[in-house]
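Working notes for the structure below.
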Amino acid sequence: MARYNPKETEPKWRQAWADADSFRAVADPARPKYYVLEMFPYPSGRLHMGHVRNYSLGDVIARFKRARGFSVLHPMGWDAFGLPAENAAMERGVDPKAWTYENIARMRAELKELGLSIDWSREFATCDVEYYGKQQAWFLDLYERGLVYRKESVVNWDPVDQTVLANEQVVDGRGWRSGAVVEKRKLNQWAMRITDYADQLTDDLATLDRWPEKVRVMQENWIGRSKGLKFRFHFAGEGPAEGLEVYTTRPDTLFGASFVGVAADHPLAEAVAAKDPKAAAFIAECRKGAATEAEIETAEKIGYDTGLKVKHPFDPNWELPVWIANFILMDYGTGAIFACPAHDQRDLDFARKYGLPVKPVVLPAGEDAASFEVGDEAYVGPGAIFNSDFLDGMDVEAAKAAAIARIEAQGDGDGATVFRLRDWGVSRQRAWGCPIPVVHCEKCGVVPLPKSALPVAHPDDIEFSKAGNALDRHPTWKHTTCPTCGGPATRETDTLDTFVDSSWYFARFANPHAEEPIDKAAADYWLPVDQYIGGIEHAVLHLLYARFVTKALADDGQLSVREPFAGLFTQGMVTHETYRRQNGEWVEPKEVEIEVVGNTRRATLGANGEPVTIGDSEKMSKSKRNTVAPEEIFDVYGVDAARLFVMSDSPPERDVQWTSGGVQGAWRFVNRVWDEFDSQPAEVGAAEPEPELRRATHKLVKQVTEAIDTFRFNSGIARLYEFLNLLKANPAKGASPALLAARQEALLAFARLIAPFTPHLAEECWARIGGRGMVVEAEWPGFDPALTEDAVKVLPVQVNGKRRGEITAPAGAEPADVEKIVLDDPEIARRLEGLTIRKVIVVKDRIVNIVAA
RNA sequence: GCCGCCGUAGCUCAGUGGUAGAGCGCAUCCUUGGUAAGGCUGAGGUCGGCAGUUCAAUCCUGCCCGGCGGCACCA
């Protein structure tokens, strides 16, 4: 009996797959296609357990679908532009390009060691000039279509990274990478008109039925579509001639209006402040506070009465005061509102504070119009409109429509849809990114380059010793000539947000060597991605941008699909216990020794026996030092054990806690599986297989197949563990020919069932028992539904709901026959002594319950 | 405040309207030429709490408690 040795076995099979070119994706019209993609990694230089989990999950799907006859595309690439390379350049004086490609080489080797079924012939990095040059080409196409534009705008400026951030990259007022408090700056910026697609991006979420509900809700909230009315108030007396435009989603409550409010940054507020020092002081106060989201949320509502009045749109004799209020946002709607305190909590808080009228106009069902009052809580529910002239008696929706119609007829405004989503600012003041292919000419202004001038590549000698944009500092690179007039011009030195790089890479994988950015025929075959896998942290960043770019490129005729990812799976994190010394320093798991006494665990520092505090299990991170290096695990237990463990211990969407005991358990399983295959004799004869094991095998195939289909990988693995115990209970040693035959059938199935999880072990086992070819070429095992059911059922017998015994009956036995067996059973009869049977409930093949008194 | 997920053995998690499961850990024993290893056996659970529906609830329904995540002055 030879011990299983992954160090020899695993590289051997990886070489065999490579030699056979097993994972090359081939567009085969005779077979259905399946595109599996995991979010591509940033090449930090080292693989972490999160990668191991992410790519193992995708590999299970890819191998499973291949075995089921699909033509599978499972590619890999590198999200390779970005700040870490520039930081490394600044800190260590290395060249960012060389640094990045060295990291890629290291990580590629590690990923290959994982034994992933990837078509490496399609690999590319976003920093390859062959890739970003194509990105420049479609950037120009979108510029042509008016989807890319330049504007001066107030932007989020990260003072640490010295670059602009998109709204999506600002979290709680801080840069998502640097954590620095973001400042506001006015800059000339490139932007993409994602807002042109806001409606489609919202509507099409409904078609993404294989996305997690959670992600769809997050995107819907982020886009924030609302339908309402934009209209103008006319001033009574003093005030700008053009009036004051407001936006509302509640035109039905117009007769409950109490005042009109504008944001502190609103032009009207600024105009008032120019003449009124008190107003100026108030605005200054509004600007002072409100640095972080948390402060904005808790800030008290304050306001300033400008003294201006506007006329109510439906009653020229009714005048409303105009206030400046801190709770109104300039960058949403028109920065001005009409307030109906009875039916909006913010307006109500404000009205109560400043003694403004509160007039209810929506009457909840069951309330009386004469007595209904609003106290400290605004009524926002449905009801009948009252106190509202021509709207009286209508429900909320009808009144909205009627009010909008009246305003439109008066020429004061129109029904409008407003979004929270802003255009996507894509300029970054960084050198290590995709250069924006335009020049600035003194005579012609901003001039896009012709495609013949592409790619616009980086210079090789960028100098990174200082912060800021090294591309802009370069002595010669930016100086060029204008393609229009031939005069002197300077290149744009901003580069594109790296989220642009990742917004179309999945389409490039269809044919990464194509002349055009996207090989349409290839993309038509492979897209959309059937199963996309990655972390939930990209729910509104990458996943929204990729959807937008897909739609924009589809409208430009470069793609046929309008959604890039038909299925999305968001996997959980890999966590580990945290350990701290008495002085609070974090300690790495490998420095800690754990002692188990009964049910309590004690930790000490291996080096000196100092006690260590065991903390919660948290996401593996450098800062808390609770990481486990994949390569060290591979070295001790092999790749298969590591893959198996990250998938066995939790459902894929949940966090998985890494423990040394857990991986040892997986390692033992690997060995026990091998023992079982190794114990099977080479010649098993041709006997009729023993039926019990045979049934168990078919049941197993059914269960594991369904578990993989529904992303319950841990559950499938649990079934495999159980089945191995069953095989051990039916050993080859001393087995009858019938049992040996059943074992052979079981093992042939088992090797294929474990292949998606532990592919190297599967090959070794398959070869050991004489499987034909390699497992990667074998069909997924089928099962006979009739054999997944037991021939004889053990039925528990309950008396008054409590288990009192069991009987055996043939599968599918009729209730009357079962009842007879039960009543003939002496043990049951004893339990029923002195009782009258009122009812016997027989659930076919499941259970019997006797109700007796 | 709103929405979602979760609560089952000491730990991490499966599971089902009808006999409560796995891995790890723990205990006993065996093996001592797989040996910083292997194997056998076992203990351990009012399935978060309280009601309801049902012949029968860990599972369905409602309320409550606890944990996690997302959104939130968006008119």
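Naming: A, B, ... by sequence-line order, numbering from 1 per chain. Just so we're clear, the structure is a prediction, and the values are computed from it rather than from any experiment. When reading the values below, keep in mind they use all heavy atoms of this one structure, side chains included, and skip hydrogens, waters and symmetry mates.
Rounded to a whole angstrom, the distance from the P atom of B:A22 to that of B:G39 is 16 Å. Using P as the reference atom, B:G21 and B:A9 are 14 Å apart when rounded to the nearest Å. Nucleotides B:A27 and B:C63, compared at atom P, are 46 Å apart to the nearest Å. B:G52 and B:U46 are spaced 22 Å apart, taking the P atom of each and rounding to whole Å. Comparing the C1' positions of B:G38 and B:A20 gives an interatomic distance of 30 Å, to the nearest angstrom. Spacing between B:G23 and B:G66 at atom P, rounded to whole Å, works out to 35 Å. Spacing between B:C65 and B:C26 at atom C1', rounded to whole Å, works out to 31 Å. Using atom C1' as the reference point in both B:C55 and B:G70, the two lie 44 Å apart (nearest Å).
Listed nucleotides B:G39, B:G21, B:C74 differ in distance to A:Arg346; the shortest reach to its side chain belongs to B:C74. Out of B:C71, B:C74, B:G23, the shortest distance to the side chain of A:Tyr721 is found at B:G23. Comparing B:A75, B:C71, B:G15 by their nearest atom to the side chain of A:Asn221 picks out B:C71. Nearest nucleotide to the side chain of A:Lys301, out of B:G21, B:C73, B:G39: B:C73.
Distance A:Trp222 CH2 to B:G70 P: 13 Å, rounded to the nearest Å. Between the CD atom of A:Glu676 and the P atom of B:G38 there is a distance of 16 Å, rounded to whole Å. Regarding A:Gln571, its CD atom lies at a distance of 17 Å from the P atom of B:G69, rounded to whole Å. Straight-line distance from the CZ atom of A:Arg668 to the C1' atom of B:G39: 12 Å, rounded to whole Å. Between the CZ atom of A:Phe669 and the P atom of B:U12 there is a distance of 23 Å, rounded to whole Å. Regarding A:Ile324, its CD1 atom lies at a distance of 22 Å from the P atom of B:C73, rounded to whole Å. Rounded to a whole Å, the CD atom of A:Gln657 is 6 Å from the P atom of B:U12. Separating the CG atom of A:Asn5 from the P atom of B:G34 is a distance of 17 Å, rounded to the nearest angstrom.
Heavy atoms from other residues, nucleotides or ligands lying under 6.0 Å from NZ of A:Lys590 number 12 at most. Counting heavy atoms of neighbouring residues, nucleotides and ligands inside a 6.0 Å radius, atom NZ of A:Lys359 exceeds 12 of them.
Relative orientation of the A:Trp658 and A:Phe645 rings is perpendicular, given thresholds of 30° and 60° on the angle between their planes. Ring-plane geometry between A:His542 and A:His538 is classed as perpendicular, the angle between the planes exceeding 60 degrees on a 0 to 90 degree scale with a lower cut at 30.
Considering only residues two or more places apart in sequence or on other chains, A:Phe233 meets the ring-ring contact (aromatic ring centres under 6.0 Å, His included) condition with A:Phe231. Taking A:Phe350 as the reference, A:Phe259, A:Trp323, A:Phe327, A:Tyr354 meet the ring-ring contact (aromatic ring centres under 6.0 Å, His included) condition, with sequence neighbours excluded.
Between A:Gly224 and A:Asn725, the residue anchored closer to the 5' end of RNA chain B is A:Asn725, taking for each the nucleotide with the nearest heavy atom. Along RNA chain B, the nucleotide closest to A:Arg225 and the one closest to A:Thr659 are compared, and the more 5′ of them pairs with A:Thr659.
The pair A:Asp655-A:Lys619 does not count as a salt bridge, with every side-chain nitrogen at least 4.0 angstrom from each carboxylate oxygen. Salt-bridge formation is not detected for the pair A:Glu245/A:Lys230: no Lys NZ or Arg NE/NH1/NH2 atom is positioned less than 4.0 Å from an Asp or Glu carboxylate oxygen. Of the charged side-chain nitrogens involved, none lies within less than 4.0 Å of a carboxylate oxygen, so that A:Glu220 and A:Arg225 do not count as a salt-bridged pair.
Between the A:Lys624 side chain and the A:Thr578 main chain, no donor and acceptor come within less than 3.5 Å of each other. For A:Arg643 (side chain) and A:Phe757 (main-chain N/O), a donor-acceptor pair under 3.5 Å exists by modelled atom type.
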Parsed dot-bracket for RNA chain B after applying the Watson-Crick and G-U rules with both distances under 3.5 Å and | for other-strand partners is (((((((..((((....[..)))).((.((.......)).)).....(((((..]....))))))))))))....
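As judged by a 4.0 angstrom heavy-atom cut-off over every strand, A:Asn714 is placed among residues touching the sugar-phosphate backbone only. Using a 4.0 Å heavy-atom criterion, one finds that A:Ile328 contacts the bases of the nucleic acid, with or without backbone contacts as well. Within 4.0 Å (heavy atoms only), A:Asp655 reaches sugar-phosphate atoms of the nucleic acid but no base atom.
A donor-acceptor contact under 3.5 Å links the side chain of A:Asp675 to the base of B:G34.
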Listed pairs under 3.5 Å, donor-acceptor, residues 247-256 of chain A side chains, sequence neighbours left out:
residue, atom, partner, partner atom, Å
A:Tyr247, OH, A:Ser226, O, 3.0
A:Tyr247, OH, A:Ser226, OG, 2.7
A:Tyr247, OH, A:Gly228, N, 3.3
A:Thr248, OG1, A:Arg250, N, 2.9
A:Arg250, NE, A:Asp252, OD1, 3.1
A:Arg250, NE, A:Asp252, OD2, 3.3
A:Arg250, NH2, A:Asp252, OD2, 3.0
A:Thr253, OG1, A:Arg250, O, 2.8

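Here the two rings, on A:Phe711 and A:Phe713, have centers that are under 6.0 Å apart.
At the phosphate of B:A72, OP1 or OP2 sits under 4.0 Å from a side-chain N or O atom of A:Arg420. Using a 4.0 Å cut-off, no side-chain N or O of A:Arg719 falls inside it from OP1 or OP2 of B:G21.
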Any protein N or O atoms within reach of nucleotides 2-4 of chain B? Criterion: under 3.5 Å, listing atom names and distances.
none

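For the segment residues 246-260 of chain A, the set of residues with a heavy atom within less than 4.0 Å of an atom of RNA chain B comprises A:Tyr247, A:Thr248, A:Thr249, A:Arg250, in numerical order.
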Is there a salt bridge (charged side-chain N to carboxylate O under 4.0 Å, His left out) between A:Arg768 and A:Glu764 once you walk through the steps?
CA-CA 6 Å; A:Arg768 173 65 185 75; A:Glu764 191 71 11; over 6 Å; no
